[in-house]
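Just so you know, these numbers come straight off a predicted model, no measurement behind them.
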Amino acid sequence: MATERQRIQRNIVRLMQIMLGCFLIIAIRYGILQIWDGPDLAERMESQVRQGFQLQSPRGSILDRNGHELAISTITKSLYVDPNHVEDPAAVAADLAPLIGLSEQEILDDIQVGGGFVWIKRRLDYETYLAVHQMIQDKGYSTCLAFRDEAKRFYPNDELAANVLGFVGTDDKGLDGVEQSLDKLLKGEVKEKKLTTDRENRPILESIFSSARSYNGDACKTVTLTLDIGAQFIVEQELDKAMAENNPKNVTCVVMNPKNGEVLAMGSRPSYNPNQFWDYAPAAWKNRAVSFIYEPGSTFKSVVAGAALQEKVVTPNQVFVDPGYVMVSGRRIQNWNGESFGTVTFTDVVKSSLNTGFAQVGLRLGAEKLTEYAKTFGFGQPTGISLPGEESGLLFNPKDMRDSDIATMAIGQSIAVTPLQLVTAMSAIANDGVLLKPHIVKSIQNPDGSAYMETERTEVRRAIESATDKTLVGLLEQVVSSGGGKKASVKGYRIAGKTGTAQKIREDGTGYLDGHYIASFCGFAPVEDPQLVVLVVIDDPGTGNFYGGQIAAPVAKRIFSQLFRYYHIEPSSDPFAGMEKKQAGSPKHETSYSGAVPSGKVVVPDFTGLSLREAAQKAADRGLSFESQGSGYGSSQSVPPNTLVDSGTSVAVWFKPN
């Protein structure tokens, strides 16, 4: 019994020793696996059971001022190949080619690149994606063919505002327009994610991860422009009509709100469809409103007139003798029709756009003042609008200007501007003489809807005094009502503006091109409460008619007419309505005012029986703004004789033959 007990005890001890040895072996092995081989094994496990994928956020949308979509993005599937895992390249190419519209050789070339990732075709449409996905499942190509999400840009209005919006290239990169200038804010983001899968690459607990498959991004912001899609459509429709009527090389139009500097519409022709931008010549992508510089011609005279009035080198009723041409530094400067207008007032000089009168005014201002006012109105430097490729324009150095340069600059030559600069300067005139910074971005929102940026009205400087501006507006109104811009007038509305006709400069800058012109009109309305500034520039019309008053003004008229209706702008009240009839039958008021004339006040003279020249001179002597209607001798006037009025008050006088 004792011997048997000892044998059993020895066996138990041996068993315990064996178990202890096994435990020690397991512990040592576990330590080796966890500590020594742990990182390598964890990486191997990660590669076997966890699959990496990317979450692509769509590019931020671009909207018009009323929330209409101008540019949006959708997430599409892009196909790639892992050449290292392609077992039969020829079979893969043969099965894939008819589905994606590529040749077998093109697919084989991609596979032969080698490596672990090569794009086959990017941004597939949904039907193509479904067909390729089914083929991959049926043929067992999941180890070598797969998809990645990519954002695809779409412009729902095709050509509308294309030159402003620009377009997006591969890798979600903005290449022109707002897409380029705000690319960092609009651009979508890619976020790397890991998903646990089984041996067939099927997600484990997919319901837990499904919420992570959508990603809004942090930088893809929504941009709201100041553009109004309705106004933009009106403008581009009229640009198409202008192209058909005048057969020009290009046409450009800008519509601005002069009260805050917002661009309501901006269009160019020819244009392009940003959804297929690659089908168009790069010249069609150009936004000519900011990247085209040209000599403005007579439209620039509005700035010169403002400078001359501000510096008091001229008054509206100052008399000029127009010989038809003047010689300055050996250069002949003549009127647009080559004829003499005889004795005229400065008001007539502006109304008829007489080069001889403006040349004289420019010489009175001098190079320094003329250039100073050009800069004050925003010429010679970019406006700073959020659009790429903006030009600065060209200005002479005053020290290098001869008298002929001064005279030609005063008539809109020897200076180069962009359409945006010109419409901004005209907006300053419409805005009581205050220059504003133009802008096309109204606001930017974060992905969560919170505000990232709001563009405020920005005053740059006062260009001319308010009193001077009012006089200038009166002159420009007469250009449209009874001068060279009559074809821009809209019945029932008071419109002020200026036409322009400029000979084109050679591309090498060595002179002018014979028979090639740029016709333009720039104006604002309604005069009593300006809400719209419209600029139309017609580059190199091919119909033989090249005067701004003949071909650009009618386009502006049609745009004004439609915009008045679109924005529900009420017709202007005529301050002189019925006045002529009333004054014609009313007796003279020779003793309406007597006594000392207070400072800043004047007594209106009696213009009855005076000639146009005599009446203009008399008004100038009294410090009144003079408006004439008809010809012959004074028969009636808008303000009765001997009435006490403020200095600078406008008085209309009707003339009739004896």
Beyond-backbone contact of [X] with [Y], side-chain heavy atoms, under 4.5 angstrom:
{"X": "Phe346", "Y": "Val361", "answer": "yes"}
{"X": "Asn246", "Y": "Asn545", "answer": "no"}
{"X": "Met243", "Y": "Pro248", "answer": "yes"}
{"X": "Leu436", "Y": "Ser427", "answer": "no"}
{"X": "Asp64", "Y": "Leu225", "answer": "no"}

Any donor-acceptor N or O pair under 3.5 Å, side chains [X], [Y]:
{"X": "Asp348", "Y": "Thr345", "answer": "yes"}
{"X": "Thr418", "Y": "Glu391", "answer": "no"}
{"X": "Ser268", "Y": "Lys286", "answer": "no"}
{"X": "Asp158", "Y": "Asn275", "answer": "yes"}
{"X": "Ser466", "Y": "Lys470", "answer": "yes"}

inquiry  = Determine whether Ile234 and Arg558 satisfy the following criterion, side chain to side chain contact (heavy atoms under 4.5 Å, CB included), listing intermediate values before the conclusion.
reply    = CA-CA 9 Å; Ile234 290 171; Arg558 296 196 295 263; over 6 Å; no
Please report the shortest heavy-atom distance between [X] and [Y], naming the atom on each side.
{"X": "Leu420", "Y": "Thr424", "result": "O-OG1, 2.7 Å"}
{"X": "Pro526", "Y": "Ser572", "result": "CB-OG, 3.7 Å"}
{"X": "Asn163", "Y": "Ala284", "result": "ND2-O, 3.0 Å"}
{"X": "Asp183", "Y": "Gly174", "result": "OD1-N, 2.8 Å"}
{"X": "Ser414", "Y": "Tyr512", "result": "N-OH, 4.4 Å"}
{"X": "Ser353", "Y": "Ser298", "result": "OG-OG, 3.0 Å"}

Crowding at [atom1], [X] (>12 non-hydrogen neighbours, <6.0 Å):
{"X": "Tyr280", "atom1": "OH", "result": "yes"}
{"X": "Lys249", "atom1": "NZ", "result": "no"}
{"X": "Arg402", "atom1": "CZ", "result": "no"}
{"X": "Phe341", "atom1": "CZ", "result": "yes"}

task = Evaluate the side chain to side chain donor-acceptor pair (under 3.5 Å) criterion for residues Lys487 and Thr499: first the C-alpha distance (whole Å), next the side-chain angles of each, then the deciding distance (0.1 Å), finally the verdict.
result = CA-CA 10 Å; Lys487 290 194 175 183; Thr499 60; over 6 Å; no
message = One pair to check against ring-ring contact (aromatic ring centres under 6.0 Å, His included): Tyr493 and Phe564. What are the steps and the verdict?
response = CA-CA 9 Å; Tyr493 292 88; Phe564 289 152; 4.0 Å; yes
ask   = Quick one: which of Lys173, Lys187, Arg153 gives a side-chain contact (heavy atoms from CB on, under 4.5 Å) with Val168?
value = Arg153
task = Output the distance between atom OG (Ser404) and atom CD1 (Ile333), rounded to the nearest 0.5 Å.
result = 7.5 Å
key: Arg331/Asp403 under salt bridge (charged side-chain N to carboxylate O under 4.0 Å, His left out): CA gap, chis, key distance, verdict   = CA-CA 10 Å; Arg331 181 168 181 175; Asp403 285 349; over 6 Å; no
key: side-chain hydrogen bond (donor to acceptor under 3.5 Å, both in side chains) partners for Gln562, two or more places apart   = Glu238
request  = Mind telling me whether Phe277 and Phe167 have parallel, tilted or perpendicular rings, with 30° and 60° as the class edges?
outcome  = parallel
inquiry  = Angle between ring planes, Phe379 versus Phe300, binned at 30° and 60°: parallel, tilted or perpendicular?
reply    = perpendicular
request  = Could you go through the side chain to side chain contact (heavy atoms under 4.5 Å, CB included) check for Ile551 and Glu245 one step at a time?
outcome  = CA-CA 9 Å; Ile551 62 174; Glu245 289 176 344; over 6 Å; no
request  = Could you walk me through whether Leu264 and Tyr567 pass the side chain to side chain contact (heavy atoms under 4.5 Å, CB included) test, one step at a time?
outcome  = CA-CA 11 Å; Leu264 302 176; Tyr567 287 115; 3.9 Å; yes
query = So, are Arg269 and Asp539 salt-bridged, with charged N and O less than 4.0 Å apart?
reply = no
message = Under 4.0 Å between a side-chain nitrogen and a carboxylate oxygen: does that hold for Asp529 and Lys259?
response = yes
task = Go through the steps to decide whether Asp228 and Lys442 satisfy the test salt bridge (charged side-chain N to carboxylate O under 4.0 Å, His left out), and finish with yes or no.
result = CA-CA 11 Å; Asp228 186 324; Lys442 189 174 182 64; over 6 Å; no
query = Passes side chain to side chain contact (heavy atoms under 4.5 Å, CB included), Glu295 versus Ile518? Steps please.
reply = CA-CA 8 Å; Glu295 287 192 348; Ile518 296 177; over 6 Å; no
